[in-house]
Amino acid sequence: MRLSIIAAGIACASLASPSFAQQVPTPQVQPNDWSVETVTVTARSTGPAIWHARKGTGDVAILGIVDPIPENFVWNTKPLDGVLDGARLLLLPPRAEANIFDGAWFLLVNRDLLSPPDGKTLWDFLDPALASRFAGARDMLHEDKDRYDNNAPEIAALRLERDYVQVNSMTLEEPEDTIRSLARHHDVEIRRVATYDVLPSVKEVLKLPPSVTSKCVDAAVNDVDIASKHAREATEAWAIGDVAGIKAHYSQPRIYECLTAISSHVTALDKRAIDDTVNEITAALGKGGRTVAVVGIGQLLRKDGVLERLLAEGADIEAPNE
């Protein structure tokens with residue numbers, strides 16, 4: 001599901017977004033520990049890494065992707081062109097969406113959930129060290145000092161993530177938009193694995209006390225720190241199929257980990273995204289021919305992720321350049 005649940009949460013929060021501490025050095029935060037990865041490969045190629053799942057006469061070419069990536073980033077699409085030529089279907093990752101009318105009504109009725117309770121500000125719920133780090137991230141993005149004051153912690157965290165993407169000219173729409181365009185060029189049917197209603201997750205998170213959701217502020221600050229040092233390198237490694245380089249620089253957003261830790265709805269969506277992706281790929285294998293599937297690199301390679309599940313179900317997995 002990649003970042004779509006975060007993007008949907010940001011969009012829902014943004015429907016009603018309201019228009020200190022001395023900065024100290026931010027602790028060094030490293031990308032994800034990939035020690036839980038169970039399917040490994042160190043291949044390098046001239047384009048993004050593509051795995052193949054095969055069973056019987058079926059072949060599913062799986063393109064692992066990272067995001068966000070810099071806007072207007074150019075990458076070699078020829079290897080993907082090759083697997084799309086003659087494919088019958090392109091499977092896109094699950095997406096979490098919020099109905100704008102239901103979301104707007106919920107936030108209108110529950111507007112008080114967007115701000116800290118009892119006339120407090122965001123800073124009242126952050127310990128001094130976290131407040132200083134958050135202020136440092138805000139200043140690095142050149143945002144106004146009072147931009148987040150009236151935000152509940154979870155709203156401030158989501159806005160900081162969005163602000164990083166916007167200020168640094170990153171996009172959550174790529175590389176998926178380019179992949180979709182290539183599929184249309186080859187007259188390949190395009191289908192999304194699933195679409196989920198994110199509003200129940202938004203409702204659950206917004207109703208949690210600030211003492212709980214403030215953990216996501218720490219996660220957002222870590223994300224900005226990691227992305228500022230590693231996002232470009234992760235994208236460049238992805239573009240040449242350098243999986244070892246991706247693992248050195250890419251990190252699944254810590255805020256996503258925070259949301260799964262505090263929200264049963266988000267946890268359920270995360271599990272459902274893996275289940276639905278594996279089920280769609282398995283069904284495609286059973287129909288024979290070639291299918292192309294796009295999967296977030298974290299959900300593809302992690303323990304009990306898509307590749308491990310496919311292996312357990314009897315598919316043969318061919319790693320890039322084998």
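In what follows, every heavy atom counts, from backbone to side chain, and hydrogens, waters and symmetry copies are set aside.
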Would you say T277's side chain and A273's backbone share a donor-acceptor pair under 3.5 angstrom? yes

Can you find a heavy atom in the side chain of T77 that is under 4.5 Å from one in the side chain of T178? yes

Dump the intermediate steps for side-chain contact (heavy atoms from CB on, under 4.5 Å) on Y148 and V217, then the final yes or no. CA-CA 11 Å; Y148 308 96; V217 175; over 6 Å; no

Can the ring centroids of F134 and W123 be said to lie less than 6.0 angstrom from one another? yes

Separation between OH of Y196 and CG of D270, rounded to the nearest 0.5 Å: 9.5 Å

Are the side chains of P94 and T195 in touch, meaning some heavy atoms are under 4.5 Å apart? no

Do the charged groups of D177 and R180 touch, with an N to O distance under 4.0 Å? yes

With no hydrogens and no angle check, is any side-chain donor or acceptor of S228 less than 3.5 Å from a backbone partner on D225? yes

Do E233 and D242 have side chains that get closer than 4.5 Å, going by heavy atoms? no

Presence of salt bridge, R272 and D276, under 4.0 angstrom: yes

Evaluate the salt bridge (charged side-chain N to carboxylate O under 4.0 Å, His left out) criterion for residues D149 and R159: first the C-alpha distance (whole Å), next the side-chain angles of each, then the deciding distance (0.1 Å), finally the verdict. CA-CA 12 Å; D149 289 3; R159 292 186 79 192; over 6 Å; no

Looking at K120, is its backbone amide N or carbonyl O close enough to the side chain of D124 to form a donor-acceptor pair, meaning the two atoms are under 3.5 Å apart? no

Measure the CG-NZ distance between L310 and K55 for me, rounded to the nearest 0.5 Å. 9.0 Å

Under a 4.0 Å N-O cut-off, is there an ion pair linking R95 with E176? yes

CD/E154 to CG/L158 distance, rounded to the nearest 0.5 angstrom? 7.5 Å

Heavy atoms of P70 and T235 approach each other most closely as CD-OG1, 3.5 Å

Would you name the heavy atoms of I69 and F73 that are closest together and state the gap between them? CD1-CB, 4.4 Å

Does D218 come within less than 4.0 Å of R133, counting only side-chain N to carboxylate O? yes

Rounded to the nearest 0.5 angstrom, the CG-CD distance for L172 and E71 is 10.0 Å

Scanning both residues in full, the closest heavy-atom pair of F125 with P153 reads CB-CG, 4.4 Å

Side-chain heavy-atom pair L126, L122 within 4.5 angstrom cut-off: yes

Quick one: does I62's side chain get under 4.5 Å of L300's, heavy atoms only? yes

Regarding R138 and D144, does a basic nitrogen lie under 4.0 Å from an acidic carboxylate oxygen? no

Using a distance-only test with no angle check, is there a side-chain donor-acceptor pair under 3.5 angstrom linking D223 and Y256? no

Before giving the answer on side-chain contact (heavy atoms from CB on, under 4.5 Å), spell out for E174 and T171 the whole-Å C-alpha distance, their side-chain angles and the decisive distance to 0.1 Å. CA-CA 6 Å; E174 292 288 354; T171 177; 3.7 Å; yes

Test your reading of the model: is there a side-chain donor-acceptor pair from N279 to the backbone of D275, 3.5 Å cut-off? yes

Exercise: identify the closest heavy-atom pair between L269 and S201: CD1-OG, 3.7 Å

Flag side-chain contact, heavy atom, 4.5 Å: E97 against V198: no

Would you find a donor on one side and an acceptor on the other, under 3.5 Å apart, between the side chain of R88 and the backbone of G288? yes

Pair D127 + K215: basic N to acidic O under 4.0 Å: no

Return the orientation label for the H230 and H249 ring planes: parallel under 30°, perpendicular over 60°, tilted otherwise. tilted

Let me know which of V278, L285, I281 forms a side-chain contact (heavy atoms from CB on, under 4.5 Å) with E313. V278

Derivation of the salt bridge (charged side-chain N to carboxylate O under 4.0 Å, His left out) call for R191 and E189: CA-CA 7 Å; R191 189 170 75 232; E189 178 189 351; 3.8 Å; yes

Should L91 and V294 count as side-chain neighbours, where that means a heavy-atom distance under 4.5 Å? no

Can you tell me if R290 uses its side chain to pair, donor with acceptor, with the backbone of V83 under 3.5 Å? yes

Test item: T121 side-chain N/O and N150 main-chain N/O as donor-acceptor pair under 3.5 Å: no

Can you tell me if R192 uses its side chain to pair, donor with acceptor, with the backbone of P93 under 3.5 Å? yes

Do you know which two heavy atoms are closest between V205 and T213, and how far apart they sit? O-CG2, 3.7 Å

So, S251 side chain and P253 main chain: donor-acceptor pair closer than 3.5 Å or not? no

Calculate, to the nearest 0.5 Å, the distance between atoms CH2 and OG1 belonging to W75 and T46 respectively. 12.0 Å

Please step through side-chain contact (heavy atoms from CB on, under 4.5 Å) for the pair L89 and V292, ending with a clear verdict. CA-CA 6 Å; L89 175 66; V292 179; over 6 Å; no

I'd like to know if the side chain of S263 reaches the main chain of T260, judged simply by a donor and an acceptor atom lying under 3.5 Å from each other, with no hydrogens or angles considered. no

Residue pair I155, L206: steps toward the side-chain contact (heavy atoms from CB on, under 4.5 Å) verdict: CA-CA 8 Å; I155 300 298; L206 286 176; 3.7 Å; yes

How long is the gap from NE2 on H185 to CG on D85, to the nearest 0.5 Å? 8.5 Å

Pairing donors with acceptors under 3.5 angstrom, does anything connect the side chains of D67 and Y250? no

Non-hydrogen side-chain atoms of T267 and L259 separated by less than 4.5 Å: no

For T291 and A284, work out which heavy atoms get closest and say how close. OG1-CB, 3.6 Å

